[in-house]
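Naming: A, B, ... by sequence-line order, numbering from 1 per chain.
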Amino acid sequence: MSVVTRFPPSPTGYLHVGSVRTALFNWLYARKVGGKFILRIEDTDRARSSQEAVDIIFAGMEWLGLDYDEGPYFQTQRFDRYGEVIEQLLAQDKAYHCYCSKDRLETLRAEQMAQKLKPRYDGRCRDRIGAPPQGIAPVVRLKTPREGAVAIEDKVHGYITTSNLELDDLVISRSDGTPTYHLTVVVDDIDMGVTHIIRGDDHINNTPRQVHIIEALDAPRPLYAHVPMINGADGKKLSKRHGAVSVLEFREQGFLPDALTNYLARLGWAHGDQEIFTRAELINAFDFDGLNKSAATFDWDKLLWLNQQYIQNAEPAALLALAAPYLESAQLQLDKGPDIAAAVEAQRTRAKTLVEIAEQSHMFYGEFIRDEAAAKKHLRPVIGPALKAIQGKFAAVETWHGTELKDIVEQTAAEFDMKMGKVAQPLRVAVTGSSASPSIDTTLELIGRERCLERLDAALIYIAERAVA
RNA sequence: GCUCCCUUCGUCUAGUGGCCUAGGACGUCGGCCUCUCACGCCGAAAACAGGGGUUCAAGUCCCCUAGGGAGCGCCA
């Protein structure tokens with residue numbers, strides 16, 4: 001039997017990284033075994049669903065390279081089918097109409113809670129004899145077994161058994177005729193031939209109820225794998241107050257899709273000691289055995305580190321393509337600076353995100369911004385003559401090339417009987433405005449002669465003013 | 001409240017009864033490299049939630065306790 005997995009998000013806002021991680025596991029498994037991965041939009045809650053949210057889901061999936069083989073299906077387009085199933089269940093006496101008012105149900109719940117019991121529907125309408133009450137739009141409830149237990153096989157938790165006494169007759173159709181979540185997922189999964197359900201472990205308690213629907217429909221049971229949730233640093237479910245949770249925010253912040261994917265895969269799953277996986281390795285290595293049982297805490301530092309690793313090891317052309325949109329939106333005057341590929345290369349070991357690459361490129365393309373603290377520390381009168389000398393040599397040098405420029409700096413340092421660092425650092429501050437930049441040779445080369453000379457002028461003026469004061 | 005799930009360094013994790021003197025990674029701290037910031041390299045501190053069993057032997061199996069999470073909707 002060929003494997004079918006699925007990702008069923010609700011389009012009610014952003015695409016949560018936690019959801020994406022379960023999508024990733026489903027995708028990985030399908031790819032590994034040559035199965036099918038389905039995307040299904042669960043938009044039955046029309047009030048909260050929006051087209052915009054649907055587009056966000058598409059964008060997020062595409063960005064991360066999670067392609068699907070079937071779909072997207074939309075549950076709102078399958079209402080006829082759900083209605084059919086509900087009628088069938090009613091006809092087979094596996095479900096019944098319930099006329100109990102919400103008031104009664106609330107009271108019932110309150111009473112049960114007061115008695116320290118688990119709130120459950122008492123089955124009044126299931127046992128009702130005689131004609132149904134008039135003028136009330138009923139809901140439809142599933143007849144769940146009143147004794148026995150359900151055992152579900154879970155690939156990460158083993159067998160989980162639940163007594164049917166814990167369950168009640170759940171509503172499968174609302175009084176307005178729309179189907180409820182439990183009914184729709186089950187019907188969809190059956191119709192779409194889903195064989196493996198990999199989802200968050202917040203669904204463990206839902207599984208027995210869904211199994212009863214499957215049973216009522218005489219359908220084969222899928223295999224379950226309930227993966228742990230992702231928490232924030234405070235141990236609570238990862239949410240907006242922990243920072244970014246929407247995958248598109250990660251994109252905005254300059255993370256590479258492969259880095260995020262790699263990180264997410266390693267949250268709750270491991271393959272020995274391996275930390276960095278290519279896509280292909282991930283697909284190849286993924287298995288249920290590597291899945292963990294306990295919730296994982298989202299660790300920004302580790303994600304950042306991974307992102308940095310990916311930036312560092314990316315092919316030059318690939319990195320450039322990845323960085324391009326960020327450079328563009330950083331409002332740099334790209335036409336008034338060095339070759340963009342060279343600028344990006346110069347940043348690769350010192351940027352944790354693509355946004356940082358863009359920010360740090362300001363010194364090559366943008367306006368000069370002087371870091372006052374750095375200037376105060378390094379642009380002292382004592383360095384003036386050396387900078388002046390360097391400026392003169394820079395103006396005269398034939399080819400503006402890093403190694404020659406560095407030689408000039410070294411020679412000048414020697415002439416003034418200073419160490420390389422004593423000259424290079426003030427020079428760096430003079431031409432970049434900052435105390436941190438790539439090595440002095442590539443920094444000079446990238447900034448270019450004209451800019452270097454101008455900025456040295458400014459630095460010399462700055463120094464002169466300090467000497468007076 | 002009831003039911004279910006979970007529990008190895010700060011964090012992600014390896015570990016499937018002896019190979020564990022509990023390994024790796026991030027982070028932290030120290031050092032090296034060095035023109036700065038990084039990268040890289042070397043090193044250090046750092047964990048089996050607690051208590052009972054089972055066993056020649058337990059991080060690994062069982063029970064209890066504690067802590068955390070989830071579900072208990074005409075929400076998904």
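A straight line from CG of A:Leu167 to C1' of B:G71 spans 10 Å, rounded to a whole angstrom. Across the protein-nucleic acid pair, A:Phe277 atom CZ and B:A14 atom P stand 11 Å apart, rounded to whole Å. One atom, CG of A:Asp441, and another, C1' of B:U36, lie 12 Å apart when rounded to the nearest Å. Atoms CG (A:Asp43) and P (B:A76) sit 11 Å apart, rounded to a whole Å. Between the CG atom of A:Leu304 and the C1' atom of B:C12 there is a distance of 15 Å, rounded to whole Å. In this structure, A:Glu111 places its CD atom 17 Å from C1' of B:C2, rounding to the nearest Å. One can place CG of A:Asn206 at 11 Å from C1' of B:C4, the figure rounded to the nearest angstrom. We find that OH of A:Tyr224 is positioned 19 Å from P of B:C4, with the value rounded to whole Å.
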(request) Please lay out, stage by stage, how A:Tyr68 and A:Phe7 fare under the test ring-ring contact (aromatic ring centres under 6.0 Å, His included). (result) CA-CA 9 Å; A:Tyr68 38 91; A:Phe7 175 46; 9.5 Å; no
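When the P atom is used for both B:G10 and B:G50, the distance is 13 Å, rounded to whole Å. Separating the P atom of B:C63 from that of B:C39 is a span of 48 Å, rounded to the nearest Å. A distance of about 16 Å separates the P atoms of B:C12 and B:A47, rounded to the whole Å. As rounded to the nearest Å, B:G24 and B:A45 have P atoms that lie 12 Å from one another. Across B:G67 and B:C74, the matching C1' atoms stand 36 Å from one another, rounded to whole Å. Comparing B:A14 with B:G51, their P atoms sit 25 Å apart, to the nearest whole Å. Nucleotides B:C20 and B:U11 are separated by 25 Å at their P atoms, to the nearest Å. Nucleotides B:A46 and B:U21 have their C1' atoms positioned 16 Å apart, rounded to a whole Å.
Using Watson-Crick or G-U wobble geometry with both donor-acceptor distances under 3.5 Å, B:C9 finds no partner in any strand shown. The base-pairing partner of B:C29, taking Watson-Crick or G-U wobble contacts with both distances under 3.5 Å, is B:G43. The partner of B:G71 is B:C2, by the rule that a Watson-Crick or G-U pair needs both atom distances under 3.5 Å. When both distances must be under 3.5 Å, the Watson-Crick or G-U wobble mate of B:C37 does not exist. The nucleotide B:C20 finds no pairing partner, because no Watson-Crick or G-U wobble arrangement with both distances shorter than 3.5 Å includes it.
Of the two residues contacting RNA chain B, namely A:Ser439 and A:Asp299, the nearest-nucleotide position lying further toward the 5' end is that of A:Asp299. In terms of position along RNA chain B, the nucleotide closest to A:Asn292 lies nearer the 5' end than the nucleotide closest to the other residue of the pair A:Asn292 and A:Ser437.
A:Asn307 and A:Lys352 get closest at one heavy-atom pair: ND2-O, 2.7 Å. Closest non-hydrogen pair, A:Arg428 versus A:Ser437, comes out as NE-OG, 2.8 Å.
Counting heavy atoms of neighbouring residues, nucleotides and ligands inside a 6.0 Å radius, atom NZ of A:Lys393 exceeds 12 of them.
Side-chain contact of A:Asp103 with A:Ser101: a donor-acceptor pair under 3.5 Å is absent, judged by distance alone. Side-chain contact check for A:Thr76 and A:Arg46: no donor-acceptor pair (N or O, by modelled atom type) lies under 3.5 Å.
In this structure, of B:G71, B:C35, B:C12, it is B:C35 that holds the atom nearest to the side chain of A:Ala424. Minimum atom distance to the side chain of A:Val139 is reached by B:C74, of the listed B:C5, B:C74, B:G40. Proximity note for A:Met420 (side chain, C-beta onward) versus B:C2, B:A76, B:C35: the nearest is B:C35. Side-chain proximity of A:Trp305 to the nucleotides B:C37, B:G24, B:A25 is greatest for B:A25. Listed nucleotides: B:A76, B:U3, B:U13. Nearest to the side chain of A:Ala270: B:U13. Distance from the side chain of A:Leu267 is smallest for B:C12 among the nucleotides B:C12, B:G40, B:U36. Of all nucleotides listed (B:U8, B:U36, B:A76), B:U8 comes nearest to the side chain of A:Ser294. For A:Lys302, taking side-chain heavy atoms from C-beta onward, the closest of the listed nucleotides B:C74, B:C26, B:A38 is B:C26.
Heavy atoms of A:Ser175 sit under 4.0 angstrom from at least one base atom. In this structure, A:Glu356 reaches neither bases nor backbone, as no heavy-atom distance under 4.0 Å exists between it and the strands shown. Residue A:Thr44 is classed as a sugar-phosphate contact, given heavy-atom separations below 4.0 Å to backbone atoms only. Contacts of A:His182 with the nucleic acid, taken as non-hydrogen atoms under 4.0 Å apart, include base atoms. Using a 4.0 Å heavy-atom cutoff across all strands shown, A:Ile440 reaches at least one base atom of the nucleic acid. Among the protein residues, A:Val171 comes within range of the sugar-phosphate backbone only, with heavy atoms under 4.0 Å from sugar or phosphate atoms but none that close to a base. Note on A:Glu275: a base of the nucleic acid sits closer than 4.0 angstrom, heavy atoms only. As judged by a 4.0 angstrom heavy-atom cut-off over every strand, A:Pro438 is placed among the base-contacting residues. No engagement by A:Lys419 is indicated, since no non-hydrogen atom pair under 4.0 Å with the nucleic acid exists.
Side-chain nitrogen and oxygen atoms of A:His157 include at least one within less than 4.0 Å of the OP1 or OP2 phosphate oxygen of B:C6. Checking the phosphate oxygens (OP1, OP2) of B:C39, a side-chain nitrogen or oxygen of A:Gln308 falls inside 4.0 Å. Note on A:Arg109: every side-chain N or O is 4.0 Å or more away from OP1 and OP2 of B:C72. Phosphate proximity of B:C12 to A:Thr297: present, with a side-chain N or O under 4.0 Å from OP1 or OP2. At the phosphate of B:U3, neither OP1 nor OP2 sits under 4.0 Å from any side-chain N or O atom of A:Gln112.
Proximity of the aromatic rings of A:Phe298 and A:Tyr263 is defined here by a centroid distance below 6.0 angstrom, and this criterion is met. Checked against the 6.0 Å centroid threshold, A:Phe255 and A:Trp305 do not count as a close aromatic pair.
In this structure a side-chain-to-backbone donor-acceptor pair under 3.5 Å is present from A:Trp269 to A:Asp287.
Under a cutoff of 6.0 Å and an axis angle of 45°, A:Arg141 and A:Tyr121 form a cation-pi pair.
Here the rule is salt bridge (Lys or Arg N to Asp or Glu O under 4.0 Å) with A:Asp169, and of A:Lys143, A:Arg126, A:Arg146, A:Arg120 only A:Arg126 fits it.
With hydrogens and angles ignored, no donor-acceptor pair under 3.5 angstrom links the side chain of A:Arg120 to the base of B:C72. Within 3.5 Å, no donor on the side chain of A:Arg350 pairs with an acceptor on the base of B:C39, nor the reverse.
You'll find the side chain of A:Ile447 reaches within 4.5 Å of the side chain of A:Arg455, heavy atoms only.
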Restricting to nitrogen or oxygen on both sides, can you table the protein-nucleotides 58-69 of chain B pairs closer than 3.5 Å?
from: B:G69; atom 1: OP1; to: A:Lys236; atom 2: NZ; distance (Å): 2.5

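Look at B:C64: its glycosidic torsion is beyond 90° from 0, and that puts it in the anti range.
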